[in-house]
Amino acid sequence: MITYAYAKGYYYTGDGTLMVRCRIPSIHGPMHQTNANGQRVRNYVTDNALPYYPALLMPHLPVDGEVVAVTSTDSGNANFLVLGTTGGQ
């Protein structure tokens with residue numbers, strides 16, 4: 001299953017693997033902490049606590065807030081792989 005996430009940062013590991021920090025709205029909460037009514041979102045994960053996921057080779061490095069496509073690597077949806085950028089923000 002492919003879903004979409006917001007890129008929030010990246011780094012390269014020692015072996016050259018690109019790791020992308022992603023905010024998946026259905027898991028980590030929306031891009032911004034307040035909803036339309038100005039209320040706080042209960043299960044919001046802060047940007048600093050978001051996980052990094054391994055990524056495939058991309059034509060460019062993702063910028064903050066860029067939409068990336070991710071897919072689950074197991075049936076429990078605990079591990080994800082970033083497939084690439086979509087060009088959206």
Checklist entry - Given the rule in the side-chain contact (heavy atoms from CB on, under 4.5 Å) test, do Met19 and Thr17 qualify, once you have shown the distances and angles that lead to the verdict? => result CA-CA 6 Å; Met19 302 294 286; Thr17 302; 4.0 Å; yes
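- More than 12 heavy-atom neighbours from other residues, nucleotides or ligands sit within 6.0 angstrom of OH on Tyr53.
- Every residue meeting the ring-ring contact (aromatic ring centres under 6.0 Å, His included) condition with Tyr11, not counting sequence neighbours, appears here in chain and number order: Tyr52.
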Checklist entry - Step by step, would you call Met1 with Thr71 a side-chain contact (heavy atoms from CB on, under 4.5 Å)? => result CA-CA 6 Å; Met1 173 179 79; Thr71 187; 5.6 Å; no
Item to check | Derivation of the side-chain hydrogen bond (donor to acceptor under 3.5 Å, both in side chains) call for Tyr44 and Arg23 | outcome: CA-CA 10 Å; Tyr44 185 82; Arg23 173 177 295 285; 3.3 Å; yes
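- In terms of heavy atoms, Thr85 sits closest to Met58 at CG2-SD, 3.6 Å.
- For the pair His28/Lys8, no side-chain contact is recorded, criterion being any heavy-atom separation below 4.5 Å from C-beta on.
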Next on the checklist: If you apply the rule side-chain hydrogen bond (donor to acceptor under 3.5 Å, both in side chains), what do you find for Asn48 with Thr46, and how did you get there?
Outcome noted: CA-CA 6 Å; Asn48 293 336; Thr46 62; 5.6 Å; no
Item to check | Test side-chain contact (heavy atoms from CB on, under 4.5 Å) applied to Leu18 and Leu61, step by step | outcome: CA-CA 9 Å; Leu18 176 62; Leu61 295 173; 4.1 Å; yes
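- Annotation for Val68 and Pro62: closest pair CG1-CB, 4.4 Å, computed over non-hydrogen atoms.
- Using a 4.5 Å cut-off between side-chain heavy atoms of Ile, Leu, Val, Met, Phe, Trp and Tyr, with links allowed through other members, Leu81 and Ile2 fall into the same hydrophobic cluster.
- For the atom pair Ser72 OG and Asn79 CG, the distance stands at 7.5 Å (nearest 0.5 Å).
- The two residues Phe80 and Val70 come nearest to each other via the heavy atoms CD2-CG2, 4.2 Å.
- With Arg21 contributing its side chain and Leu50 its backbone, the two residues share a donor-acceptor pair below 3.5 Å.
- Scanning all heavy atoms of the two residues, the minimum distance from Ala69 to Thr86 falls at N-CG2, 4.2 Å.
- For Ala7 against Val20, the heavy-atom pair with the smallest separation is CB-CG1, 4.1 Å.
- Scanning both residues, Pro25 and Ala5, for their nearest heavy atoms gives CD-CA, 4.3 Å.
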